[in-house]
Structures are given as C-alpha cells and as structure tokens.
There are 2 protein chains.
Amino acid sequence: MIDDGWVPDRMCVTVDLVIFTILDGALSALIVERGIPPYAGTWALPGGFVGRHEPLEDAARRELREETGLGAEELHLEQLGAFGDPERDPRDRVVTVAYLALAPDLPLPTAGTDARAARWMAIDSIVSGQLALAFDHRKILRHGLDRARSKLEYTSLASAFCGKEFTITELRNVYEVVWNTKLDPRNFHRKITRAPGFLEPTGRRTTRDGGRPAELYRRGDASLLHPPMLMPTGS
Amino acid sequence: MIDDGWVPDRMCVTVDLVIFTILDGALSALIVERGIPPYAGTWALPGGFVGRHEPLEDAARRELREETGLGAEELHLEQLGAFGDPERDPRDRVVTVAYLALAPDLPLPTAGTDARAARWMAIDSIVSGQLALAFDHRKILRHGLDRARSKLEYTSLASAFCGKEFTITELRNVYEVVWNTKLDPRNFHRKITRAPGFLEPTGRRTTRDGGRPAELYRRGDASLLHPPMLMPTGS
DNA sequence: CCAATAGTGTCTCTTAGACATTATGTA
DNA sequence: TACATAATGTCTAAGAGACACTATTGG
C-alpha cells in the first residue's frame, strides 16, 4: 500500500466456475469450448472477466447465468480461492478467483456469447488428463473436487445435488458418486435421519414400479452435519 | 476471456497476511500502523501489492519477510481466499488475496518501509471492534480465525505454534487458546499421543523447577490428524 | 408367489468424556 | 517432606461398521 509516486502493477481479474452435477450416475462438470484465442477450440471452465465495479460473487453468478441460463440465485456458491500463477495465461498476468457450485439436474447448457459450445463432462475424463482443459483449469477443477468431497463430510451440502424433494437413496447416491465409494444403505439411513435439522419429512412418497415406495424429504434448516458423515478410509 | 477489441478492466491485486502467534497466553495477530493514506495512522494487516511477474504466494512470503524479518520458508502459509468488494479500498478497485500463517514465538516485529510501527495485538481487541483495522481487515482476520480454529480439528497444524521441540502441555495450550476453551489434560494426552504420525518422541525432557519434567516431542510426518480432535460443542 | 426396493433392529468394537491415581522432579 | 506438574488407568455412554430381517409396492 505504497503511494509515494510508485504506481502498482495492474492486472486482469477473472472468475472461473466449477459447476458440478450428477449425470447418468457420474459426477460431471460444466465446460465450454473456447471460441477465441488463447486456447481457441479447447474446453475450459466457464468464466470471464470481473467488471471494474462488480463484486466477485456477482461476477460469478453472472457468468453462471450466461453459461447455463439458470437462475443462479438458487445455487449454492462457494469461493474456492485465487489462482494467480504468472504463467497461467500466455497473454497477460491474470489472477482468477474460482467458485464452486453444486447443481441438481439442470437444463442442458447452451453455448454463451464467447463460447462455441457448452456441455457436461464426466470429471474422470478431466482428472485423468484424457480431456485437456485450457489454462490451469484442471488444477482448479481438482481443487473443487477436493472441496466438494470434504464438505460432504461435515455439511448438509449433498442435498444441493438433489431436487426440491428427494429420497434417502438419492441422497446416498450423491455421496457414493462424489466419494466414489459404496456406503451401507442401512447405516447411512440411520445416520442421516438422526442428524438434527438435515432432513424434513414431507409425508409423501415416491411412486415407482418394482419396489416399496420411498419417503420423500426436503432440506432441513441445518447447514452443518453433526455428527459428520465420515468418508470411508482405506484403513 | 473475450478478445474482440474489448479491453478488460484492470485492477490492483494485493496480498494481506493474517499472522497468528500466542503471546502471554493470548492469541495475537501481527498488525502494522499505516504511514500513508488511505487510513494513515490506522492499524492494518501486513500486506502489499503483488508484482507483475510475482506468484501470489511469493508475494505473501516477501511481505511476511519484510514485516517480520523472519525466514518465511519455515512458516506454514495457507491461502484464505480472495476479498474483492468494490468498495473495500476508497482509492481504487483492489482485489486482495489473504494468507494465513501460524508462527511460534517470533522476534518482536520491526516496522517495515511503508509502516510506522509493527506489533502483536491480542485478537480479542480486534474481533470485538475495540481496535479498528483499515479496509476490511477485520473481516479477513475473522476468516483467518475461523480457518485456524477448524484446521486444528483435523490437521496437525497446532504444532506450527510451537517451537522445534515442545511438550504435550504446550500443545494443549495452543488448542485451549485458539479455541478459547479448557481441555481435559488426560484425554488430550491420550488422543494426541495415539494419533499416528503426529508426534515424534525425542527422548529428552524439560528441565523446570516445581514439577515433574515433561517429555519433549517433535512434529511427526502426518499432516492430517486422525481421528480428529473435535472442538467441544456447547451441547 | 416372486422380484425389487425401502426401512428397522442387533451386535461389537472403537472412541469420547468424566474422573482418580501414580510418577518424578525441585525447594 | 511438601509441592507442583506429568503421565497413566478405569468406567460409561455414544457412535461406527457389519450384518439380517421385515415392509410395501408391482407383476
């Protein structure tokens, strides 16, 4: 914060979004195909520049809206952190602030103004390196994945992947997909129903063929999950 | 990431540091008195502008070195996140990336080039609002406090507050000061010594008058604390 | 009746939390 | 010996994990 004639360097600030959903039983992220250099034709996380007078989170929600056409107000949005490696953008110094969003079934994304295409992609292809992303977006996505995984343990975030009303089995599927494990349905049911404030019974039940209908629940008030749902360890 | 003639807004990027230590039994943060506007004469977190070709963490370590005269390599440094409210700096749009550092007993800080003074301050005075900080630094410090508190639960971070060799009681004091609670010395001793990889016995012991000497330990390899040391709940 | 899925119960082992006792130094 | 601080032990209750059974739908 020096002001004795020396002028600080200015740089570009962007927001990038890691938007997860569960599609066909696979944890998937929203990616867009870049239409302009650098990395034209390469897939990337949705994102863009922050306006001069625009709060960071507003910018993130704006980009989310532009890329998905979804009312971003309903979505849980959480800052992942800043990524500012001087070499991360070949053009110029660009510091990006990454946000994480978890979404239930969304309408298929439509390409925005500055993207050729937009689509959901199973994160395995990205994490494994099979599909390369522009810039350091693979690293950012990796951070988002880690964050989502650990937040499932001690918050009631998992329900953000579900619709307004959901069953215990659907909720368990969220955990299983994000953690890439199998959980015991009985122990899961016991823990989740006993966690105070997590679930709110609706009294209604699913109508499906070939099995006993499941109770439907809504999100409860609690944002923290106590006691936590611990991810199974290798030990 | 548009490049069709439109030029993105550029802004200043800074780093700010929440540096905690324990002084006289109180959790304290390093603050500096600003020598130049805005907020000249007001206390603030140490920090400064990021250079055009400087990685964010390098900038944080540089500022840490400049403000404390300490070899910042040994210190645990963790990004807290970006703070970018458009109104947070009256001069100009400034996005800051905050870092958290935990330090054992440090040499008394010496004022840097752009600060009149530097000192440790018990965080209670800051959190309570008794001492006002410049910009949104109180909010940032509050974030750092929350982060430190929760990280103590499931990481072996607490030892970062201790010197190279420390006793169980010293370690327990760290938890008690940061969490502002009392912990049962016996249960704490059991948990912490059983946590795999947390502690490494040195075989040596303290020499102090008026009590049985305590065993001295070093940090172990583990960075995660399993099972976690849960903060006592009000329930 | 059978298939399929949902929900409940039981047992064991580990851990947290409360509390008493023993150990080892100095004055 | 008195005192102060460190370390260990014991009990109880709660939760995790493994597993078997009952319930409710559609064909």
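If you're wondering where the values come from, they're calculated on a predicted model, not measured in any experiment. The sequence lines fix the lettering, A, B, ..., with proteins before strands; numbering per chain opens at 1. Excluded from the calculations below are hydrogen atoms, water molecules and symmetry mates; all remaining heavy atoms, backbone and side chain alike, are included.
OP1 or OP2 of D/dT8 has at least one side-chain nitrogen or oxygen of B/His189 nearer than 4.0 Å.
Rounded to whole Å, atom C1' of C/dG7 lies 11 Å from atom CZ of A/Arg172. Rounded to an integer number of Å, the gap from CG of B/Leu183 to P of D/dA7 is 16 Å. Per the geometry, NZ belonging to B/Lys191 stands 7 Å off P belonging to C/dG17, to the nearest Å. Taking atom CZ of residue B/Arg204 and atom C1' of nucleotide C/dT24, one finds them 18 Å apart after rounding to whole Å. The nearest whole Å value for the distance from the CZ atom in A/Phe188 to the P atom in C/dT5 is 18 Å. Atom CG of A/Asp184 is separated from atom P of C/dA6 by 14 Å (rounded to the nearest Å). Put simply, CG on A/Leu216 is 14 Å from P on D/dT25, counting in whole angstrom units. Between the NZ atom of B/Lys182 and the P atom of C/dA18 there is a distance of 15 Å, rounded to whole Å.
Within 3.5 Å, no donor on the side chain of A/Arg205 pairs with an acceptor on the base of C/dG7, nor the reverse. Contact annotation: side chain of B/Arg186 to base of C/dA20, donor-acceptor pair present below 3.5 Å. Judged by atom type and distance alone, A/Arg190 reaches the base of D/dG17 through a side-chain donor-acceptor pair under 3.5 Å.
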Can B/Trp43 and B/Arg34 be said to form a side-chain contact (heavy atoms from CB on, under 4.5 Å), step by step? CA-CA 6 Å; B/Trp43 294 90; B/Arg34 292 177 56 81; over 6 Å; no

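You'll find that the side chain of A/Arg212 is closest to D/dA23, out of C/dT10, C/dA16, D/dA23. Comparing atom distances between the B/Glu215 side chain and each of D/dT10, D/dA16, D/dA7 picks out D/dA7 as nearest. Considering only the side chain of A/Thr169, C/dA6 comes nearest among C/dA6, D/dA18, C/dA23.
Electrostatic pairing of A/Arg119 and A/Glu33 does not count as a salt bridge here, judged by no charged N lying under 4.0 Å from a carboxylate O. Classification of B/Lys151 and B/Glu78 as a salt-bridged pair holds, one side-chain N sitting under 4.0 Å from a carboxylate O. Between B/Arg142 and B/Asp146 there is a salt bridge, with a side-chain nitrogen of the basic residue lying less than 4.0 Å from a carboxylate oxygen of the acidic one.
Note on ring orientation: taking the six-membered ring where Trp is involved, the planes of B/Tyr175 and B/Trp179 are perpendicular (angle over 60°, cut-offs 30° and 60°).
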